[in-house]
Protein chains: 2
Amino acid sequence: MTENPSHNRPYSGVIARLKGAGLRPTRQRIALAKLLFEGENRHVTAEDLHGEARAAGVSVSLATIYNSLHQFTDAGLMREVVVEAGRSYFDTNTGDHHHFFHEDTGSLEDIPGDQINVSELPAAPAGKSVQRVDVIVRVSA
Amino acid sequence: MTENPSHNRPYSGVIARLKGAGLRPTRQRIALAKLLFEGENRHVTAEDLHGEARAAGVSVSLATIYNSLHQFTDAGLMREVVVEAGRSYFDTNTGDHHHFFHEDTGSLEDIPGDQINVSELPAAPAGKSVQRVDVIVRVSA
DNA sequence: TCAACAGTTTAGAATGATTCTAGGGATGAA
DNA sequence: TTCATCCCTAGAATCATTCTAAACTGTTGA
């Protein structure tokens, strides 16, 4: 079996990842994690992911999509990006980077961290610490 | 009458401002513009402003609050700041600046434009132009 | 001054995303 | 296998926001 390509042992990496995050590897979480973490980094909404799961033949309720997305985010496996009131994107790229937001299509595009430099940041207000700095470059035609 | 302080001729500046923006100076818009533009710069939600209007004895429907906020924003009198899914803030400061977002209280604080420097910004994707660059510094205790 | 049109406001319904609820199901330790 | 615990689910509920249709107001021109 050692010659099997990855699609023949589809669960290994994802299960380890879930366990490492302290999340029980349930059928639903495994399926969603596969969709999210195997392959390229992506930006998805809850509805997007719900549709993909259905398309992949996996039956998952929307409530579970929301739960999982938040659990993955809390566990540091993804992060939430807010660019438009009323809709949240979840980003599988947790590394140092920022975003272009295409106002006409509503889509996000990564900007690698080394392509943006934020300097002269003022100190956090007393007693507070900086959790994250988000840079959103809004573009349109 | 030339000695009257501004609270005795409360409408002059605000009416000119509305007319200049191509907006008919109606009773509601005048009242909201007074709350928003007289005094310090502020960050308000639609609900905030609705509450303030009521407290000031002005009867304005929530729909009109939303309409006005969007009209003021479209006219360049304010701008919208999105930091949390599900809630929009409107900012009366249209100048060059960014924001601290206090994750524990849900409030915004201005960072003057000269206290942040964003450099090495990549070019906008082909055919697109940059509308705005937002920097949000998320802080918490 | 006043009619009359266009722009505004409004209450309430509708929408859309997200969260909650309660009950049945799956998981993992022993 | 057992059982306590954690999960999942359908559907209801919630929240911010937008829409609708009808009533109202500001402005303009006679």
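Below, read A as the first sequence line, B as the second, and so on, with proteins coming before strands; counting in each chain starts at 1.
For the pair B:Arg29 CZ and D:dC24 C1', the computed distance is 14 Å after rounding to whole Å. Distance CG (A:Asn67) to P (C:dA26): 17 Å, rounded to an integer number of Å. With rounding to whole Å, A:Ile30 atom CD1 is found 14 Å from C:dA26 atom P. Following rounding to the nearest Å, A:Tyr66 (OH) and D:dT14 (C1') show an atom-to-atom distance of 13 Å.
Side-chain nitrogen and oxygen atoms of B:Gln71 include none within less than 4.0 Å of the OP1 or OP2 phosphate oxygen of C:dG7. Side-chain N/O atoms of B:Thr26 include one lying less than 4.0 angstrom from OP1 or OP2 on C:dT9.
Comparing D:dT17, D:dT9, C:dT9 by their nearest atom to the side chain of B:Gln28 picks out C:dT9.
A salt bridge does not link B:Arg42 with B:Asp48: none of the charged nitrogens is closer than 4.0 Å to a carboxylate oxygen.
Between the side chains of B:Gln131 and A:Ser140, at least one donor N or O sits under 3.5 Å from an acceptor N or O.
Along DNA chain C, the nucleotide nearest to A:Ala63 and the one nearest to A:Glu47 differ in position, and the one closer to the 5' end is contacted by A:Glu47. Of the two residues near DNA chain D, B:Pro25 and B:Ala46, the one whose nearest nucleotide lies more 5' is B:Ala46.
For the atom pair B:His98 NE2 and A:Asp134 CG, the distance stands at 13.0 Å (nearest 0.5 Å).
B:Ser88 comes within contact range of the sugar-phosphate backbone alone, with a heavy-atom separation under 4.0 Å but no base atom that close.
For A:Arg132, the CZ atom counts as densely surrounded, since its 6.0 Å shell holds more than 12 non-hydrogen atoms of other residues, nucleotides or ligands.
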